[in-house]
Structure formats: structure tokens, C-alpha cells
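Remember, it's a predicted structure, so these values are computed and weren't measured experimentally.
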Amino acid sequence: MSSASAIRNAHFLGTKIRNLRKRNNLTMDDLSARCVKVDAESAPSVSYLSMIERGKRHPSARMLSVIAEVFQKDIRWFLDDVPDEAAIVPDKGSRGGMRGMALEPGFLFSREILQNAIPEMLSQTGVSGRQFAHLLIRAHQENNQNHFPELERAAEAVGKKQMPLSLDALTDICKDMGMRIKWFTKVPETAIGAKVLRDKTVVRSFFEAPSTIHVNKLMQSQPARLKYDLALYIGHKVLHDGDGVKSVATTGPGAIDTRFATGLDVDTSSAVNTQDIVHAWRDFECSFFAGALLCPKVPFRRLLEQRAHDINVGDMLDVTTAVVMRRMTVVSSYPHWHYFDAYPPGQLLAVYRGNGIPLPWGNMRMVQDPCQHWAVFRMINADTDEASAQISVMDVGSEPRIFCCESVNVSDLSGNKHVLCAGIDVNPALEAQGADAASLAASLRAACNENGGSVAIPAAIRKELQQTAKLLNIEWLNRGIEKQARMICPRIGACPRTPSCHAGS
């Protein structure tokens, strides 16, 4: 081979590796770490990977086989000098999250018209102003796919990327910031005023300006939850100078997630209160900051890679499973995630849908009989604390999609059982591998329907999913493959099963 040919082949090989890496949302650090897991001796360093991708170095046969193993490709694919554009060009497609709409004609969407129309719209749909505030925050969160680098940087400046961060270390940070901790057994009236706590709702903590953190004594036996609340108020001090405009942190089925609102009273008004918006945004900022402080992005991402996205890594860090799952959606190299926190019989408190998965129902109110084939609601009725993985297939719009999630039963501070669920849309990962994801999903949907709604995953689809699980480095995806796949639907009135779940009812 001539020198020119060797240079050309090295450049072409490097381009293939670079495009494949970017298509799978991996940094060079991620790829190097994945290679180390396969074969530490032959794995390329980050700097050597950089030279390979720029055509400055040609990997040895053994090193190339390691890279091929990570991407679940035949080594010959890398050596083929015919470009496969469909397989190697990074996809610049949809980002997931909520579906938008065209704002035309533009004059109907002016600020003045919207200000007048929104309260009436909320009144007619039964959505309160507070719920609308939550929806605005969630839409912003999903539109940004949970990426808020300024909040990450603020948390890293305080915690110095230390992980794990001990309770003593957090207490010291509070002291250094001039904050003191006071314990209570009964919620002071200054915290809730004339508001009435909803059933089974417990106040964990609240902030009194300028520098006092009030904490429920029940939290003394819950260090992981205590760490999270202290991190919340550290965030409030850093981001808002501890000015006191901070919601009370509550727990229970009657509470809205502490990222969004106080959850202390039943607000059914359709008026959009400016204070609700401020509280919603600030609570989101503080919650995101707390997660970033307890699980800083780079070390936490590396830990997830080492542990194959095991949701139990929280035990190593003394943080809650909820924090682990929420941070997982932020730091993972794969962007197509969702996260639910559900209380029985059918109440979603926390929702994140960066992968665009529909909700199990079409509004923000509690539903008594959601589709019981969704993993999150099947787990609600399960008498187990063990995590469970599930492969699901569902029509999203006109396209069938395959999802996989990990669900687990947990108890809140007041002993109420609820279910945490983190999951992914598998279709983009299949497409990144060059597979026809839509056809695979349609085949799985058909197989489910032929077998009453659930089926052992057919061999051909199983093989594709196993390769994808290895590429994504998500162990619970493998566990889901070993179980029956289930057909699910976003609304009870649109059951896709034949016969319908409601036939004869």
C-alpha cells in the first residue's frame, strides 16, 4: 500500500469512528472508558482516540476490535472504504420532549391575546394556574433536554466536583455561607400560614430569610433526604442570595414535586399568579442545583458508565434513588430519557419527557384507572421493593416506538409507597446502529397483538435489542429483553390491543 493510500485509509477510518461516536452521543472520554471495560490493555486513551479520528494514527487490529466491540459492529465495517452515509452521518433530527405547534397566524399569538385567552383556556380544561406554571417549567426543561450548564457550574463551584459529598461536608458548606439549621417536630404557622396540609403530606423543611434552614426532626434518620434538602437551600443561597422566595419542601401524594410548588393547599384557580411562576422556576433551579451538587456531572457520568446505569448507585453516594434517576436523564451520553414519579392510584407528581413519550393520560388531573400495562402503574400494585425492567411498544403519533424502563417501589418520608421510573426511547439507538427501528417496532407491536398484548421478544428483535443494550451500556435494558414485551397506550380510550382491554366492559 502506498503512503498516500495509507493516509487516506487512516483518515477514512477515523471519520467513521468519529461519526459513529457522535451519532451515539459519546464523548471521547466516554468511548475510551467503554473500551477499557472491554479490554483495558488494548483500549485507546483519549488523546490516542483523538489522533485516530483525525487520521494521524491507525489503530492496531486488536485496538480496532475493541472499538468494534463497543459499537457492536463487525470489524470489517470499519475497514470498508465505501462510505455508508446512512450509518455514519450523525442525526440532527428531533430533540424529543413536548411536541410544538405552528404559531400562525402570528397576530393570534400576541402577548396581549395570550394573556386574555390563557385563563379562560385553563378554566375550561380544569387546569389550575399553579399546574400551568408547572407545565411551563417542564416544557422549558424538556426543550433544553435537561441541560442547564450555568446551574451545573454554580454547583461545581460550591462542591468542587467532590463525590460523594458527605452530610458533614454539606453542613460545613451551610455554616461557611452563614446559614444555621433549626429542627422542628411541629410545622410552625410561619411556614404554612392559613394553608392546610393535604392528606398524608409532610413538611420536610423550609427556609427562613436571611439564613435559617428549618428541618423536620424526622429527617435525622433519613440522611440521604436530609442531604438533598440542605443542597436545595445551599442552591437558594447561591442562586437567589437566600431572599426567602423559596417554596416549602413537602413530601406525600398531596404534594407537587418540590421543584415546582409548595403543595400545601388545593389551588384550583385558573388565574396564573406571578408568584406561582416565580416559585416554580426557583424551585426547579434549586432542585437542579441540588442534584448537580450531590452528583456532579463528570464523576457521576463515569460512575454510571462503570455500573451500567444501575439505579442503585445511590447507595454508594448516600443519595436517594430519585436523585439518581433524575441526574441520569441529565448526564447520560444517551439523551432520549423519561422519568416519572407516581403515587397510587394514578397521580404523576414528577414528569420529565426528554424522549417525547406521551403521558399515560391526556390531562394533569388524577386518573383512577390509567393503562395498567405501563410499567410504572403495574409496579404500583406489585408487592416488591426490587427494581423491574420492562420493554414496551407504543404508537407515538403515527410511528410505533420501543421503550424500556426501570421501575422501583420506594417509600416517602411519611411512609407512602410510590413508584419511580426511568426509561429510554430505544428507537434512536437502533437507528444509530443502522437498524430499521420503525419496522422492528411495528413487528414487535404485531407480535404483541397476536398474543393478547404481550409476547416473548422474537429472536431477530431480541438480537438487535441486545446489541443496543451493550452499546448504550444499560444493564436493565438486557433484563427487560428477557421478559415479555408489552403493548401500552397513552390514553385508555385509545387502547391498541385486539381485543381492546375494555371490550365487553
inquiry  = Set out, in order, the CA-CA distance, both residues' side-chain angles and the distance that settles side-chain contact (heavy atoms from CB on, under 4.5 Å) for Leu170 and Leu293, then state yes or no.
reply    = CA-CA 10 Å; Leu170 285 165; Leu293 182 62; 3.8 Å; yes

request  = Just do the side-chain contact (heavy atoms from CB on, under 4.5 Å) check on Ser411 and Asn416 with the steps written out, would you?
outcome  = CA-CA 5 Å; Ser411 295; Asn416 302 297; over 6 Å; no

inquiry  = Apply side-chain hydrogen bond (donor to acceptor under 3.5 Å, both in side chains) to residues Asp168 and Ser166 and explain how you reach the verdict.
reply    = CA-CA 5 Å; Asp168 287 342; Ser166 69; 5.3 Å; no

task = Before giving the answer on salt bridge (charged side-chain N to carboxylate O under 4.0 Å, His left out), spell out for Asp29 and Arg302 the whole-Å C-alpha distance, their side-chain angles and the decisive distance to 0.1 Å.
result = CA-CA 9 Å; Asp29 187 64; Arg302 287 173 178 165; 3.4 Å; yes

query = Given the rule in the side-chain hydrogen bond (donor to acceptor under 3.5 Å, both in side chains) test, do Asp30 and Ser333 qualify, once you have shown the distances and angles that lead to the verdict?
reply = CA-CA 8 Å; Asp30 292 333; Ser333 58; 4.6 Å; no

message = Apply side-chain contact (heavy atoms from CB on, under 4.5 Å) to residues Asn355 and Arg401 and explain how you reach the verdict.
response = CA-CA 11 Å; Asn355 58 15; Arg401 304 191 76 84; over 6 Å; no

task = Please step through side-chain contact (heavy atoms from CB on, under 4.5 Å) for the pair Cys421 and Glu406, ending with a clear verdict.
result = CA-CA 6 Å; Cys421 176; Glu406 176 90 313; over 6 Å; no

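The closest side-chain heavy-atom distance from His279 to Arg282 is not below 4.5 Å. Residues Val324 and Phe300 are in side-chain contact: their nearest non-hydrogen atoms beyond the backbone lie under 4.5 Å apart. Val238 is listed as a side-chain neighbour of Phe289, based on a closest heavy-atom distance under 4.5 Å. Contact check for Leu317 versus Leu294: no side-chain heavy atoms found under the 4.5 Å cut-off. Counting heavy atoms from C-beta on, the side chains of Cys35 and Pro44 come closer than 4.5 Å. Looking at Met177 and Val158, their side chains come closer than 4.5 Å, going by heavy atoms from C-beta outward. Counting heavy atoms from C-beta outward, Tyr228 and Ser287 have side chains that approach closer than 4.5 Å.
A perpendicular orientation is assigned to the rings of Trp281 and His140, their planes being inclined by more than 60° (bins at 30° and 60°). A tilted orientation is assigned to the rings of His338 and Phe340, their planes being inclined by 30° to 60°. Ring planes of His214 and Phe206: parallel class, angle under 30° (limits at 30 and 60°).
Of the N and O atoms on the side chains of Asn473 and Lys37, at least one donor lies less than 3.5 Å from an acceptor on the other residue. Under the 3.5 Å distance criterion, with hydrogens and angles disregarded, no donor-acceptor pair is assigned to the side chains of Asp412 and Thr251. In the model, Glu386 has no side-chain atom that pairs as donor or acceptor with a side-chain atom of Thr384 under 3.5 Å.
Of the inter-residue distances, the one linking Glu112 atom CD with Leu114 atom CG reads 9.0 Å to the nearest 0.5 angstrom. Between atom OH of residue Tyr334 and atom NE2 of residue His309 there is a gap of 11.0 Å, rounded to the nearest 0.5 Å. To the nearest 0.5 angstrom, Lys227 atom NZ is 6.5 Å from Leu165 atom CG. Between Arg225 atom CZ and Asp318 atom CG the span is 11.5 Å, to the nearest 0.5 Å. Separating the CD1 atom in Ile234 from the NE2 atom in His236 is a distance of 12.5 Å, to the nearest 0.5 Å. Annotation: the span from Ile213 atom CD1 to Ser205 atom OG amounts to 8.0 Å, rounded to 0.5 Å.
When atom types are taken as modelled, the side chain of Gln433 and the backbone of Phe71 share a donor-acceptor pair closer than 3.5 angstrom. No side-chain donor-acceptor contact under 3.5 Å links Gln145 to the backbone of Val330. Between the side chain of Arg326 and the backbone N or O of Tyr352 there is no donor-acceptor pair closer than 3.5 Å. For Asn144 (side chain) and Asn146 (main-chain N/O), no donor-acceptor pair under 3.5 Å exists by modelled atom type. Using modelled atom types, no side-chain atom of Tyr233 and backbone atom of Thr212 make a donor-acceptor pair closer than 3.5 Å. Judged by distance alone, with hydrogens and angles left aside, the side-chain atoms of Asn24 form a donor-acceptor pair with the main-chain N or O of Leu20 at under 3.5 Å. A donor-acceptor pair under 3.5 Å is formed between the side chain of Asn216 and the backbone N or O of Leu218. Counting only distance, with no hydrogens or angles, the side chain of Arg204 and the backbone of Thr250 share a donor-acceptor pair below 3.5 Å. Without hydrogens or angle criteria, Ser32 side chain to Met28 main chain gives no donor-acceptor distance under 3.5 Å.
Ion pairing between a basic and an acidic side chain is recognised when a charged N comes within 4.0 Å of a carboxylate O; Arg479 and Glu475 show such pairing. Salt bridge status for Lys237 with Asp243: absent, with no side-chain N to carboxylate O gap under 4.0 Å. Under 4.0 Å is where a charged nitrogen must lie from a carboxylate oxygen, and between Glu305 and Arg301 no such pair does. A salt bridge links Lys417 with Asp385: the closest approach of a Lys/Arg side-chain nitrogen to an acidic carboxylate oxygen falls below 4.0 angstrom.
Closest of all the heavy-atom pairs between Ala382 and Asn409 is O-ND2, 3.1 Å. When all heavy atoms of His240 and Cys286 are compared, the pair lying nearest together is CE1-SG, 3.7 Å. Residue Tyr339 comes nearest to Asp341 through the heavy atom pair OH-CB, 4.1 Å, listed as atom of the first residue, atom of the second, then distance. The minimum heavy-atom distance between Met325 and Val408, with the atom names listed, is CE-CG1, 4.1 Å. Considering every non-hydrogen atom in both Arg353 and Pro358, the closest pair reads NH1-CA, 3.6 Å. Of all heavy-atom pairs between Val70 and Leu471, the closest is O-CD1, 3.4 Å.
Within 6.0 Å of CG on Asn116 lie more than 12 heavy atoms contributed by other residues, nucleotides or ligands. Shown here is Lys175, whose NZ atom has no more than 12 heavy atoms of other residues, nucleotides or ligands within 6.0 Å.
Between His418 and Tyr343, the distance from one ring center to the other falls under 6.0 angstrom. Taking the ring centroids of Trp374 and Phe377, they lie at or beyond the 6.0 Å cut-off.
With sequence neighbours excluded, the residues satisfying salt bridge (Lys or Arg N to Asp or Glu O under 4.0 Å) with Arg21 are Glu53.
Judged by the 6.0 Å distance and 45° axis criteria, Arg327 is positioned over the aromatic ring of Phe288.
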